[in-house]
Amino acid sequence: MLDIQMISLHATIEQSKGSVASDMDGEKVLMSIKNSKYYNLGRMGGVIWDLIEKPISGIELIENLMSQYSVEQKECEEHVYSFLELLHKEGLIQIEDKR
């Protein structure tokens with residue numbers, strides 16, 4: 001299990017293979033082929049999902065979101081990493097920390 005405090009800003013995050021995403025009424029809906037589950041990622045989750053389509057570092061992800069939305073870095077990190085932890089537990093993303 002991944003602990004949110006173990007995710008560094010330098011970790012590389014990307015979508016795992018085997019999921020199909022679709023936009024529905026402004027929200028991102030995801031179906032995992034691997035575990036046959038549906039997920040509603042919501043609007044912000046959809047933005048994050050799109051940003052991690054290709055490998056991206058945690059710092060790049062946070063900086064990108066902070067440039068688009070009015071949010072403090074600490075708050076952004078807490079919410080984003082909490083969301084990433086949930087995705088990771090479901091096997092929807094891969095996180096590689098090269099520290």
Side-chain angles (χ1 to χ4, degrees):
M1 178 179 358
L2 185 69
D3 181 347
I4 187 171
Q5 295 176 351
M6 293 176 63
I7 302 173
S8 85
L9 291 174
H10 304 288
T12 302
I13 304 145
E14 70 178 307
Q15 298 173 3
S16 294
K17 306 270 188 263
S19 296
V20 177
S22 180
D23 291 313
M24 296 183 78
D25 295 325
E27 296 187 355
K28 186 74 72 179
V29 177
L30 182 69
M31 189 218 173
S32 171
I33 306 299
K34 225 184 314 186
N35 63 19
S36 301
K37 289 184 181 178
Y38 284 94
Y39 303 88
N40 183 341
L41 303 181
R43 292 180 199 277
M44 254 340 273
V47 170
I48 294 169
W49 185 256
D50 289 342
L51 290 171
I52 64 172
E53 182 177 358
K54 295 181 180 171
I56 185 171
S57 73
I59 197 158
E60 291 172 312
L61 179 59
I62 297 299
E63 287 175 351
N64 190 305
L65 292 169
M66 287 175 36
S67 73
Q68 293 183 52
Y69 303 96
S70 178
V71 63
E72 295 291 324
Q73 182 170 348
K74 183 172 174 56
E75 181 181 2
C76 186
E77 288 175 11
E78 288 173 2
H79 289 285
V80 169
Y81 290 146
S82 177
F83 179 70
L84 292 175
E85 183 177 23
L86 294 172
L87 294 179
H88 189 264
K89 283 180 183 177
E90 292 294 321
L92 301 173
I93 63 170
Q94 298 174 354
I95 299 174
E96 184 178 335
D97 196 340
K98 297 179 180 179
R99 286 190 290 172

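Computed from a predicted model, the values in this text were never measured in an experiment. The chain is numbered in sequence order, starting from 1.
By the rule that hydrophobic residues join a cluster once side-chain heavy atoms approach within less than 4.5 Å of another member, Ile33 and Tyr38 end up as members of one cluster. Following chains of ILVMFWY side-chain contacts shorter than 4.5 Å, one can reach Ile52 starting from Met66, so the two form part of one hydrophobic cluster. Under a hydrophobic clustering in which Ile, Leu, Val, Met, Phe, Trp and Tyr are joined whenever their side-chain heavy atoms come within less than 4.5 Å, directly or via other members, Val29 and Val47 fall into different clusters. Hydrophobic clustering of Ile, Leu, Val, Met, Phe, Trp and Tyr side chains at less than 4.5 Å, counting indirect connections, keeps Leu86 apart from Leu30.
Annotation: the span from Ile59 atom CD1 to Gln73 atom CD amounts to 6.5 Å, rounded to 0.5 Å. Going from atom NE2 of His10 over to atom CG of Asp97 covers 9.0 Å, rounded to the nearest 0.5 Å. The distance from atom SG of Cys76 to atom OH of Tyr81, rounded to the nearest 0.5 Å, is 8.5 Å. Here OG of Ser19 is found 10.5 Å from NZ of Lys17. Values are rounded to the nearest 0.5 Å.
Contact record, Gln15 with Trp49: NE2-O, 2.7 Å, taken as the closest heavy-atom pair. In this structure, Leu51 and Ile56 approach most closely via the heavy-atom pair O-CG2, 3.7 Å. Nearest heavy atom pair, residue Ser32 against residue Tyr39, reads CB-CE1, 4.0 Å. When all heavy atoms are compared, the tightest approach of Asn40 to Lys28 is OD1-O, 3.5 Å. The minimum heavy-atom distance linking Gly26 with Arg43 is given by the pair O-CG, 3.2 Å. The two residues Glu14 and Pro55 have their closest heavy-atom pair at OE1-CG, 3.5 Å.
Inspection of the Gln68 and Asn64 side chains reveals an N or O donor paired with an N or O acceptor under 3.5 Å.
Checked by atom type and distance alone, the side chain of Glu27 never pairs as donor or acceptor with a backbone atom of Gly46 at under 3.5 Å.
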Could you give me the CA-CA distance, side-chain angles and deciding distance for Ile62 and Val80, then say whether side chain to side chain contact (heavy atoms under 4.5 Å, CB included) is met? CA-CA 8 Å; Ile62 297 299; Val80 169; 3.9 Å; yes
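Side-chain contact check for Leu87 versus Leu41: some heavy-atom pair is nearer than 4.5 Å. Counting only heavy atoms from C-beta outward, the side chains of Ser16 and Gln94 approach each other to under 4.5 Å. At a threshold of 4.5 Å between non-hydrogen side-chain atoms, the residues Leu84 and Ile48 count as touching.
More than 12 heavy atoms of other shown residues, nucleotides or ligands fall within 6.0 angstrom of atom OH in Tyr69.
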